Amino acid sequence: MSKRWLKYLEVARVAVRSRVAYLWDQLLSNVTLVIIMFVFVQLWKVTYAYGNVDAFAGYSLPEMIWYLVATEAIVMSMPRIHATLEQEVKDGDLALRLNKPYNYLLFHYSQFIGEGLFKLATVLALGGLTAYLLVGGFAFYWPALPVFLLLWVTTQTVNFFYSASVGLLAFWMEEVSGVYLLFDRFKWILGGMLLPLEIYPPAVRRVAEVLPFRYMIAGPARLFVKFTWDGVWQLLGPQLVWGLAFGAVCTAIYRLGVRRVDVNGG
Amino acid sequence: MTVGLETVGLETVIAVRGLRKVFKLQRKPEGGWARFRAAFKPEVVEQEAVKSIDLVAERGEALAFIGPNGAGKSTTIKMLTGILHPTAGEATVLGYTPWKQRQQLAFRIGSVFGQKSQLWLHLPPVDTFNLLARIYELDWPVYLKRRSELVALFELEEIMHTPARRLSLGQRMRCEIAASLLHAPEIIFLDEPTIGLDPVAKASIRDLIRRANKEDGVTVFLTSHDAGDVEQLCKRVVIINHGEIILDDSVNALKRDFMKSRMIDLKLATLFDGAAPPIPGVTVVKAKGYGVKLEVDTAVAPIEAVVGELLRTYTVQDITIENPPMEQIIADIYRERRRPA
Amino acid sequence: MAKFFAFVGAYLKVNLAAALEYRASAVSQVLGMFINDGLWVMFWMLYFTKFPVIRGWTLEDVVVMWAVVTVSVGLAMGLTFNARRIPELVAQGQLDYYLTLPKDVLLHLLVSRISIFNLGDMLFGPVVLVLLVKLTWARVAVFLVASVLAAIIMMAFSVLTGSLTFYMGNSETLSAQLFNTVLHFSTYPAPIFDTGVKVVLFTLIPAGFISTVPVELVREFHWMQFLELLGAAALFSGLAVVVFRHGLKRYESGNLMMMRS
C-alpha cells in the first residue's frame, strides 16, 4: 500500500528538483510580484495618509500589505495546471499517461504540490522581503508556522481541483484559456484577492460570504495576518467540504472526457 | 567540373568561392550563478562550421548537397539564401550576393524545409497560397493560372480546401513544394523534403521535384539523408564534412566507386547452420534462427551473381537487398580520402 | 503602395480565417479578458467608494485610464502580436523563415500575426467609458488619438525589449517581464508615485506616456502635452527600428548565439 503512495511523493520531489534548475528564471518571473507590491505600497501609503481609520476594517498599513503578500503567495505559487492539462489533452500526451500505472489526477496533483512548494518559497521570500523593506514587519504568529504550511496544502488542494476541472474542459473545447480567465478572475474578485473581504461594501460582501472563493484565497490570507486558532477550524471545515466537491466534479469531468478521447490529426 | 552532367544551357546560377564561416559560440554554463557571471565575462569558443568551400552550379541542375549532421550543410545553405553572413569568401546566387541583396534574391528563389511548415495549420492550403501570392507580389491573374497548373500537376484538387492540420504528412509536403513554386523561382532549396514519409509518398514527392526540374528548368539544390532522394533526383552530388567539400562528382560515379558493399537480409525455410556461405566476398554479419544478414563486397562479387548463388544454395523465403546508408558511404569516402595516397 | 496594402490585407484575411475556425473559443477568450479588466475596475470602484479622491484623481480618471490602456494595448498587441514574440521567434528559428522571404523582416513579422483575443480587449475601453464617464465628442476624439499614440509606444517598447534577445540570447522571460512591468505601471495613477519613480515612468518604462498623459489630455487638453505624447511615440518607434535592425545584423552574422538548431 505504501509503495503506491511513495511514487506520488517521488513525483513531487522530482518536480521540486526540476524547478530548482530554473531558479534564475523563477526569480525573474517573480519580478511582477515585486512591482505589484511596490505599486500597492505607494497606493496604500497615500490612502492611509488621509483616509479615516474606520475605512480600513482594523487593518494597519503593514497588515494590508502583508495581506497582499499572503494572497499573492497563494495565487502565484499555483502552477498553471489548467494549461498543462489542456495541453496534454490536445497533444494526445494524455493517451501516453493512461497506460502508466498511476492515477492521472493524483500524478498531476503531486507535481502541482511539488512545483507549488518551490514557487511558494520564492514568492514568500521575494514578496516578504519587499514588504518588509517597504513597510516593515507585523505581528506574525510564529508558533503557527507548521499550521500555515498545512493550510497552504489544503488551500492549494481546493484550488487544484477547481482549476483542473476547467483545464479538463479541453476535452470539449478548443480553447480553455478564456473560460479559465473567467473562473479565475471570478475567484479573485469574490475571494478577496486584492482587498480583504471586510473592506468590501456590504452587498458584495454578502455574496462573497456564501461562495467557496473566500476559502481559497481570503480566508487563509486573513489568518496569515490575523491568526486565531478558531479561525483555523473555521477554515479547514469548509475547505474539506469544497475540496471534496471540486474533487468529485473534477473526477467526473475527467472520466467523461477520457471516454471521449479523440486523437487529432491521425 | 562537369563530369557526366547533363546541363540545360551553361549559365552559372550559383558560384561560391572560398566561402567560410566561423562561429563564436558562448559556452552556456550550468547553474544560476555561473550564468550570471557569464553575462559579464562570456567564455567564447570559436567553431569553424565551414572552412572554405568552392562550388559552381549551372541552371537546371539537380544537385544533392549532403553530409552528416554538423557537417556545415545548413550553414552553407543559410549563407546562400542570405540568412547568414559569411566570415570570408564570396558567393553569387543568380547574380546577387545573398547576404547583401537578400530581398531581391528572395523573389527568385524558393525553399522547403522538411521539418518546418510554411502552411498555416488551421487553414486550407489555398489560403496560404493566396498569402504567398501577396508576399511575392504576384500579378493576381498570373498567379491564379500558375496555381491551377500546380494544383493539377501536384494533384491537390481534393486537399486544397482541407485545413492543413488534417492532411497527412505526404499531402502536406506536396502542398509545401507547390507553395514554394508559386512564384516561379529559378532555384529551389529543399531541406529533407521526404523525411518521415512512407515509400509511396516519397516516390510521389520525388516525381514532382523531378518534373519541376526537368519541365520547368528549376535548379534544384537538395539536402537529404535519404540515399533514395539523392539517387533518384540528382545527377550530381556534393559531399560536405567537417566544413569542407570532400566530394563533388556525379551520382553515377559515386555509386560506382563508393558503394562498395551491400547488405542482404535472408529469411530461410530452414534453420541457418552457422557456416559461412561458400561464395567469395560474402560474409555473415548476423545470424539468428531463420534469419541471416550478409555483407557482400561488390568489388569481389557483383550483387546479381551473389543473389543467384544464394538462391541456389539455400531455400530462401524472403530476400532483401539494402543500400548502405548514406552516412556510411560518406564515412567510407571520408576514410578513403584520408588514407595516405 | 497598392502592393503593400494587398500584402497587409492578405495577412489580415489569413489571421481572421484562422481565428474564425475557433469562433467560440475566441469569444470565450475575449470574455475572459473583459472579466480580467472588469476585476480591476471593480477594485477601483470598491476603493473609490471609500476614498473618493486620491491625489487629484477620481474614479472617472481611473476609468479613463483603464479605457486608454485596454484600447491601446489591445490595438498594439492585437494588430502586431508578434511585437511581443521576438525572442520566441528567434529561439524557434522563425526569423530565418522571414529572412527567406522578400520583405523587410521587422515589417513582415509585425504584420503577420493578428490576435483576435487582444483586439477583443479593445472593446472593454469604450464600454466602460460609456457606462461610467461623462463624454463629449471632443473628449472622445482626444481619447482615440491618444490611445493610438499610446499603442504605438507600446508596440515600439515591445520591439525594443524583444530585441534584447539579439544581444543576450533567449530573453523571453526578461522581455515578458519588462512588458508586464510597463503594463502594470500603466494601470495606476502616476500621482501616487514620488518624483524618482515618475522620472522612470516617462523614460525607461514609458507607462506615463501610455496612461497618465492620455488621461490628463482627456481631462483637459493642452497642446504642449499632446506634442510631448506625439514626440514620445516618434522617438520610441525610431529607436525600436534602429535597435531591431542592428540586432538583426548581429543575428545574421551568427556570432554569440546560444542555441540555434
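Nothing here was measured: the structure is a model prediction, and the numbers come from that model. Sequence lines set the chain letters: A, B, ... in the order given, protein chains first and strands last, and positions in each chain run from 1.
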Taking the ring of [Y] and the ring of [X], is the distance between their centroids below 6.0 Å?
X	Y	answer
C:F179	C:F157	no
C:F244	C:F166	yes
C:F185	C:F193	yes

Taking a cut-off of under 4.5 angstrom between non-hydrogen atoms, the residues of residues 103-112 of chain C near chain B are C:K103, C:D104, C:V105, C:H108, C:S112
B:R20/B:E48 ion pair, N-O < 4.0 Å =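 Looking at B:R20 and B:E48, the cut-off is met.
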Pair B:D127 + C:K13, salt bridge at N-O below 4.0 Å | no
Options B:I109, B:L131, B:L132, ranked by heavy-atom pairs under 4.5 Å with chain C, top entry |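 Winner by heavy-atom pair count: B:L131.
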Any chance the side chains of [X] and [Y] put a donor and an acceptor closer than 3.5 Å?
X	Y	value
B:T194	B:D229	yes
B:S117	B:E176	yes
B:R108	B:Y96	yes

Contact origin within C:Y11 toward chain B - heavy atom pairs under 4.5 Å | both
Check each atom of C:Y98 against the heavy atoms of chain B and say whether the ones under 4.5 Å are side chain, backbone, both or neither.
-> backbone
Under 4.5 Å to a heavy atom of chain C? For B:Q118 that would be both
Give, as side chain, backbone, both or neither, the part of B:L123 having an atom under 4.5 angstrom from any heavy atom of chain C.
-> side chain
